[in-house]
Amino acid sequence: MIRFVLVIACMVPLTLALLPVHLLALRYGWRIQRSIPQLYHRIVCRLIGVRIRQVGRRSGNGPVLILANHVSWLDICVISAMAPVSFVAKSEVAGWPVFGALAKWQRTVFIDRQARQRTGEATAEIGGRLKDGEAIVLFAEGTSSDGSRVLPFRSALIGAVHHALGDEAPSAIVVQPMAVTYTGFGGLPIGRELRQRVAWYGDAELIPHFIALLSAGAIDVTVSWGEPIPHTADRKTIAREAEISVRRMCEAARRAGVQGAIAPRPASVAAPQPDAQFEPA
């Protein structure tokens, strides 16, 4: 609990210091509106004790729809620390205390799955953001898992985004799989039991999990980038290829552990660039 209090004591002034600048950047369209969340989450990861190991690289600097697995609310901090991105989230998140406000400030696109018209508006916004050159993260499982497996990727929203892009979508837009794998907890290699302490899924309450994770100490995570998939492929093909890629990358990261080298991939999957340690600044 002492660690939790110290982390919060640092996070509150950090948020209050960066928030006014970020709100001004959003209001006036300044370019730093994309880099401020990345800086914020890098510092937050450092405060929490998250150590990120990156395997592969994002495909260029152009527009990209990132299809990732989802384990915990901590995924947001980890992915945001890696690159300037926005997320797609269910509409309920917008009403969460503190977390909902942070999501809005990061220009999250909220999807109301119960209202088809609003879903169409949201996917149109995603399409417009991609055409403007942004990176959008979609948790393609549609929910979070226990971190020990990758759930089937849902193709419906991928198809909706594909439709929103239309026939005039820039050829530079790609779909890129991303795997988030927690490999260490409290300095120990993470097994099923410890992995479930990091994972936030099912009926687990957010606030108790948030307090426990901030009190835990060092957390090691591997973020793996897969080979890009052309956005022109049909939605089921994109979902299937991305799911296979993410599953293989998660398995490789779990085998490698906290410090080990990533095991060779099957011949059907292109090898990533050399992996690198990423310490949030």
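Just so it is clear, the structure is predicted and the values come from calculations on it, not from any experiment.
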**Prompt:** Is atom CZ of Arg3 surrounded by more than 12 heavy atoms (other residues, nucleotides or ligands) closer than 6.0 Å?
**Reply:** yes
**Request:** Could you please spell out the steps behind the salt bridge (charged side-chain N to carboxylate O under 4.0 Å, His left out) verdict for Arg247 and Glu243?
**Result:** CA-CA 6 Å; Arg247 183 171 285 114; Glu243 179 186 331; 3.0 Å; yes
**Item:** Asp220 vs Tyr182 side-chain heavy atoms within contact, under 4.5 Å
**Value:** no
**Fill in**
Note: with side-chain heavy atoms under 4.5 Å as the link, the other cluster members for Ile2 come out as Leu6
**Side-chain (Asp146) to main-chain (Ser148) donor-acceptor, under 3.5 angstrom** = yes
**Request:** Report yes if the side chains of Arg107 and Glu134 come closer than 4.5 Å at any heavy-atom pair, otherwise no.
**Result:** yes
**Request:** Could you pull out the closest heavy-atom pair between Leu26 and Gln33, with the gap in Å?
**Result:** CD2-OE1, 3.7 Å
**Request:** Output the distance between atom NZ (Lys131) and atom CD1 (Ile126), rounded to the nearest 0.5 Å.
**Result:** 13.0 Å
**Request:** Measure from the side-chain N and O atoms of Gln54 to the backbone N and O of Thr222, and report whether any donor-acceptor pair falls under 3.5 Å.
**Result:** no
**Request:** Under the side-chain contact (heavy atoms from CB on, under 4.5 Å) rule, what do Cys45 and Ile48 come out as? Steps first, then yes or no, please.
**Result:** CA-CA 5 Å; Cys45 283; Ile48 297 175; 5.9 Å; no
**Close side-chain approach of Ile136 to Val85, heavy-atom, < 4.5 Å** = no
**Request:** Output yes when a side-chain donor or acceptor of Gln176 lies under 3.5 Å from a complementary backbone atom of Gly226, and no otherwise.
**Result:** yes
**Fill in**
Tightest non-hydrogen contact, residues Trp30 and Leu24, listed as CZ3-CB, 3.8 Å
**Message:** Working to the nearest 0.5 angstrom, can you tell me the gap between Met249 CE and Trp225 CH2?
**Reply:** 10.0 Å
**Item:** Side chain to side chain, Met1 and Ile211, heavy atoms closer than 4.5 Å
**Value:** yes
**Item:** Atom pair CG (Leu130) and OG (Ser86), whose distance is rounded to the nearest 0.5 Å
**Value:** 10.0 Å
**Request:** For the residue pair Thr237 and Asp234, confirm or rule out a side-chain donor-acceptor distance under 3.5 Å.
**Result:** yes
**Asked** Linking I/L/V/M/F/W/Y whenever their side-chain heavy atoms sit closer than 4.5 Å, directly or via other members, would Leu138 and Tyr201 fall into one cluster?
**Response** no
**Request:** Could you check Ile229 against Val174 for side-chain contact (heavy atoms from CB on, under 4.5 Å), going step by step and ending with a plain yes or no?
**Result:** CA-CA 6 Å; Ile229 304 169; Val174 298; over 6 Å; no
**Side chain Ser145, main chain Gly147, donor-acceptor under 3.5 Å** = yes
**Prompt:** Once you round to the nearest 0.5 Å, how far does CE of Met11 lie from CG of Leu47?
**Reply:** 7.5 Å
**Message:** We want to know whether Tyr40 and Thr15 form a side-chain donor-acceptor pair, criterion being a heavy-atom distance below 3.5 angstrom.
**Reply:** yes
**Request:** Can you label the angle between the Phe139 ring and the Phe87 ring as parallel, tilted or perpendicular, going by 30° and 60°?
**Result:** parallel
**Prompt:** Are side-chain N/O atoms of Gln106 and Ser80 paired as donor and acceptor at under 3.5 Å?
**Reply:** yes
**Message:** Using 0.5 Å steps for rounding, measure from the CZ atom of Arg46 to the CD1 atom of Ile52.
**Reply:** 11.0 Å
**Request:** Write down the atom of Ala253, the atom of Thr183, and the distance for their closest heavy-atom approach.
**Result:** O-CG2, 3.7 Å
**Message:** I'd like to know if the side chain of Glu141 and the backbone of Leu151 have a donor-acceptor N/O pair within less than 3.5 Å.
**Reply:** yes
**Complete:** In terms of heavy-atom contacts, Arg235 and Ser155 come closest through NH1-OG, 2.6 Å
**Asked** Ile36 versus Trp105: any side-chain heavy-atom pair under 4.5 Å?
**Response** no
**Prompt:** Are the side chains of Val221 and Arg51 in touch, meaning some heavy atoms are under 4.5 Å apart?
**Reply:** no
**Item:** Side chain Asn69, main chain Val180, donor-acceptor under 3.5 Å
**Value:** yes
**Item:** Side chain proximity check, Val12 to Leu14, heavy atoms < 4.5 angstrom
**Value:** no
**Asked** Between SG of Cys77 and CG of Leu102, what distance do you get to the nearest 0.5 Å?
**Response** 8.5 Å
**Asked** Where is the tightest heavy-atom contact between Gly133 and Pro63, given as atom of each residue plus distance?
**Response** CA-CB, 3.7 Å
**Complete:** In short, Cys250 meets Val150 closest at the heavy-atom pair SG-CG2, 3.9 Å
**Message:** Keeping His22 on the side-chain end and Arg34 on the backbone end, is there a donor-acceptor pair under 3.5 Å?
**Reply:** no
**Request:** For the residue pair Trp200 and Trp96, categorise the inter-ring angle as parallel (less than 30°), tilted (30 to 60°) or perpendicular (more than 60°).
**Result:** perpendicular
**Heavy-atom check, side chain of Leu67 versus side chain of Leu65, under 4.5 Å** = yes
